[in-house]
Peer 1: 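Attaching a single structure in structure tokens format; questions to follow.
Letters A, B, ... are given to chains in the order of the sequence lines, protein chains preceding strands, and every chain is numbered from 1. Model, not experiment: these values are computed from the prediction. Values reported hereafter were calculated over all heavy atoms of this structure, with side chains retained and with hydrogens, waters and symmetry mates removed.
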Number of protein chains: 2
Amino acid sequence: MRKGRASRAIPAEALAEWMETFRRHCAERGLAVTHQRAVIYRALASSDEHPTPERVYEQVRAEVPSISLGTVYKSIRTFTEAGLLREVNPLHESLRLDADLSNHHHAICVRCHRIQDLPEEALEPVRWRQRPPAGFRPERTKVEVLGVCAACAGNQ
Amino acid sequence: MRKGRASRAIPAEALAEWMETFRRHCAERGLAVTHQRAVIYRALASSDEHPTPERVYEQVRAEVPSISLGTVYKSIRTFTEAGLLREVNPLHESLRLDADLSNHHHAICVRCHRIQDLPEEALEPVRWRQRPPAGFRPERTKVEVLGVCAACAGNQ
DNA sequence: ATAGATGCAAAGGATTTGCAACTTA
DNA sequence: TAAGTTGCAAATCCTTTGCATCTAT
């Protein structure tokens with residue numbers, strides 16, 4: 001994991017625009033725009049390292065030393081539920097295992113987290129159009145199709 | 001999440017073959033083939049639900065009531081490190097966040113878990129060849145390119 | 001003024017670890 | 001028999017919760 005200050009390769013105006021969007025979204029959903037929330041959102045929007053809550057806490061504490069880790073967690077959850085933020089890893093609550101080592105993909109239910117196998121042939125092979133990031137050595141490509149499974153769709 | 005007995009749509013002979021492979025792999029790596037390990041591996045290889053360690057524990061306890069959850073965790077880790085088993089979610093240790101809601105993909109380092117963005121145009125669009133699983137309503141498709149990042153490749 | 005947000009501390013779940021007793025090769 | 005594995009309990013890490021105090025609307 002890289003250390004140091006993480007900054008998205010995005011100009012200050014774009015960040016300003018995101019902060020504006022942030023304020024609007026909060027207003028639309030009746031979320032108070034507190035100092036803490038603004039700082040937390042800014043830390044997230046200006047980072048390209050896909051940080052953990054702990055890492056966000058570190059960054060934010062530099063600006064608001066009295067902030068608590070609990071507030072960071074609560075804000076992140078609020079933002080995620082409001083659709084302002086996304087989890088990179090929808091299945092992070094617990095380890096999920098696969099004894100099938102052949103190449104295949106997964107269909108993941110965003111509601112119940114059921115995972116169904118997709119045979120490799122179910123999808124067109126993934127191909128590069130551009131070059132991979134400099135120095136990155138690709139080994140394996142997985143596709144996750146996120147959606148709603150039959151059971152969850154049936155439950156309304 | 002489905003309840004009940006999960007069974008992969010694989011005939012008994014294939015399972016027998018997997019168990020044989022399992023024994024061979026254990027032998028190759030100097031891993032003892034204990035009753036517990038065999039039962040744990042069988043539970044995993046015969047399931048299509050991508051179970052959690054807790055779920056494996058439930059299934060295995062039906063056969064070996066005295067087994068401990070710790071042993072299940074230790075065996076799973078041993079199997080994963082030996083390459084007999086794969087984690088569906090390599091990033092499950094902690095929540096990772098993304099404020100960029102536009103469609104894009106990720107390059108994930110399997111060593112340090114660094115996540116780099118891949119713009120959507122970096123890859124050919126993912127297309128279905130076959131039909132999605134019955135009743136599954138796809139919403140979004142994510143590609144994860146797993147590999148080794150520049151920093152980790154440099155460290156040997 | 002009031003609903004909602006914060007900070008703190010305690011609780012809860014997932015996973016790992018230490019160690020003595022037991023198995024496998 | 002020696003090295004490795006198990007079961008148990010305690011420890012650790014990540015995340016949520018309860019509650020009194022404070023703040024944005």
Side-chain angles (χ1 to χ4, degrees), chain A residues 1 19 22-44 50-58 60-61 63-82 84-85 87-97 113, chain B residues 1 19 22-44 50-58 60-61 63-82 84-85 87-97 113:
Chain A
M1 193 95 47
M19 290 310 293
F22 169 65
R23 286 174 186 286
R24 188 163 40 75
H25 279 258
C26 285
E28 280 168 6
R29 290 158 226 253
L31 296 175
V33 181
T34 63
H35 184 208
Q36 286 87 334
R37 284 187 177 166
V39 175
I40 291 169
Y41 184 78
R42 179 148 39 79
L44 283 156
H50 306 84
T52 64
E54 191 70 40
R55 181 85 177 102
V56 172
Y57 179 53
E58 277 176 29
V60 151
R61 239 187 332 176
E63 195 162 340
V64 186
S66 64
I67 203 169
S68 78
L69 182 56
T71 296
V72 172
Y73 269 100
K74 280 181 237 193
S75 304
I76 285 172
R77 175 167 273 265
T78 302
F79 294 163
T80 306
E81 287 171 353
L84 290 172
L85 211 57
E87 306 188 356
V88 175
N89 43 350
L91 297 171
H92 88 277
E93 339 86 33
S94 168
L95 189 50
R96 300 290 294 265
L97 298 158
H113 292 183
Chain B
M1 193 92 49
M19 290 308 295
F22 170 66
R23 285 173 186 286
R24 188 163 41 75
H25 279 258
C26 285
E28 281 167 6
R29 291 157 225 254
L31 296 175
V33 180
T34 64
H35 185 209
Q36 287 88 332
R37 284 186 177 166
V39 174
I40 291 169
Y41 184 78
R42 179 148 39 77
L44 283 156
H50 306 83
T52 62
E54 191 69 41
R55 180 86 178 102
V56 172
Y57 178 53
E58 277 176 28
V60 150
R61 240 189 331 178
E63 195 162 342
V64 186
S66 64
I67 204 170
S68 79
L69 182 57
T71 296
V72 172
Y73 270 100
K74 279 182 240 193
S75 305
I76 286 172
R77 175 166 274 264
T78 303
F79 294 163
T80 305
E81 287 172 354
L84 289 172
L85 210 58
E87 307 188 354
V88 175
N89 43 351
L91 297 170
H92 90 278
E93 339 87 34
S94 169
L95 189 51
R96 299 290 293 265
L97 299 158
H113 293 184

Peer 1: Are the side chains of A:Leu97 and B:Val88 in touch, meaning some heavy atoms are under 4.5 Å apart?
Peer 2: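 A side-chain contact is absent here, since even the closest heavy-atom pair is not under 4.5 Å.
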Peer 1: Output yes when at least one side-chain N/O atom of A:His92 is less than 4.0 Å from OP1 or OP2 of D:dT15, else no.
Peer 2: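 It does, given that an N or O in the side chain of A:His92 lies less than 4.0 Å from OP1 or OP2 of D:dT15.
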Peer 1: Would you kindly give the CZ-to-P distance between B:Phe79 and C:dT15, to the nearest whole Å?
Peer 2: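 In whole Å, C:dT15 P and B:Phe79 CZ are 17 Å from each other.
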Peer 1: Once you apply a heavy-atom cut-off of 4.0 Å, does B:Ser66 come out as touching a base, just sugar-phosphate, or nothing?
Peer 2: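 Sugar-phosphate contact only.
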Peer 1: Return yes if the base of D:dG7 and the side-chain atoms of B:Lys74 contain a donor-acceptor N/O pair under 3.5 Å, otherwise no.
Peer 2: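 Yes, the side chain and the base share a sub-3.5 Å donor-acceptor pair.
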Peer 1: Find the distance B:Ile76:CD1 to C:dT15:P and express it as a whole number of Å.
Peer 2: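 Distance, rounded to whole Å: 9 Å.
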Peer 1: Pick the closest DNA chain C nucleotide for A:Ala32 and for B:His35 by heavy atoms, then say which residue is nearer the 5' end.
Peer 2: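 With A:Ala32 and B:His35 compared, the 5'-side residue is A:Ala32.
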Peer 1: Taking CD from B:Glu28 and C1' from C:dA25, how many angstroms apart are they, rounded to a whole number?
Peer 2: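 Answer to the nearest Å: 16 Å.
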Peer 1: Rounded to whole angstroms, how far apart are CD on B:Glu93 and C1' on C:dT16?
Peer 2: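 Checked: the CD to C1' distance equals 14 Å.
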Peer 1: Using OP1 and OP2 only, check whether a side-chain N or O of A:Thr71 sits under 4.0 Å from C:dG7.
Peer 2: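 Yes, A:Thr71 has a side-chain N/O under 4.0 Å of OP1/OP2 on C:dG7.
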Peer 1: Can you name the closest pair of heavy atoms from A:Asn89 and B:Arg96 and give their distance?
Peer 2: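 Smallest interatomic distance, heavy atoms only, reads OD1-N, 3.2 Å.
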Peer 1: Rounded to whole angstrom units, what separation is found between the CZ atom of B:Arg96 and the P atom of D:dT15?
Peer 2: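 Roughly 11 Å, once rounded to whole Å.
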Peer 1: Taking the side chain of B:Ser94 as its heavy atoms from C-beta onward, which of C:dT15, C:dA5, D:dC14 lies nearest to it?
Peer 2: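 Looking only at side-chain atoms, B:Ser94 lies closest to D:dC14.
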Peer 1: Any luck finding a side-chain donor-acceptor pair between B:Ser68 and B:Thr71 under 3.5 Å?
Peer 2: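 B:Thr71 and B:Ser68 do have a side-chain donor-acceptor pair below 3.5 Å.
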Peer 1: Can we call the ring centroids of A:Phe22 and A:Phe79 under 6.0 Å apart?
Peer 2: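 Yes, ring centres under 6.0 Å apart.
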Peer 1: Roughly how many Å is it from CZ in B:Arg55 to C1' in C:dT15, rounded to a whole number?
Peer 2: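 Computing the B:Arg55:CZ to C:dT15:C1' distance gives 20 Å.
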Peer 1: A:Arg77 side chain N/O closer than 4.0 Å to the phosphate oxygens (OP1, OP2) of D:dT15?
Peer 2: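 Answer no for this pair, as no side-chain N or O of A:Arg77 is under 4.0 Å from OP1 or OP2.
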Peer 1: Are any of A:Thr34's side-chain N or O atoms less than 4.0 Å away from OP1 or OP2 of D:dA24?
Peer 2: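 Checking A:Thr34 against D:dA24: no side-chain N or O falls below 4.0 Å of OP1 or OP2.
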Peer 1: With nearest nucleotide decided by heavy atoms, which residue, B:Thr78 or A:Leu31, maps closer to the 5′ end of DNA chain D?
Peer 2: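 Between the two, 5'-proximity favours B:Thr78.
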Peer 1: For A:Arg24, is the CZ atom crowded, meaning more than 12 foreign heavy atoms sit under 6.0 Å from it?
Peer 2: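 Enclosed.
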Peer 1: Rounded to whole Å, how long is the line connecting atom OH of A:Tyr73 with atom P of C:dA9?
Peer 2: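 Going from OH in A:Tyr73 over to P in C:dA9 covers 18 Å.
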Peer 1: Rounding to an integer number of Å, can you tell me how far A:Gln36 CD sits from C:dC8 C1'?
Peer 2: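 Spelled out: CD on A:Gln36 to C1' on C:dC8 is 14 Å.
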Peer 1: Using the side-chain heavy atoms of B:Leu95, tell me which of these nucleotides is nearest: D:dC8, C:dA5, D:dT15.
Peer 2: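 Of all the options, the side chain of B:Leu95 is nearest to D:dT15.
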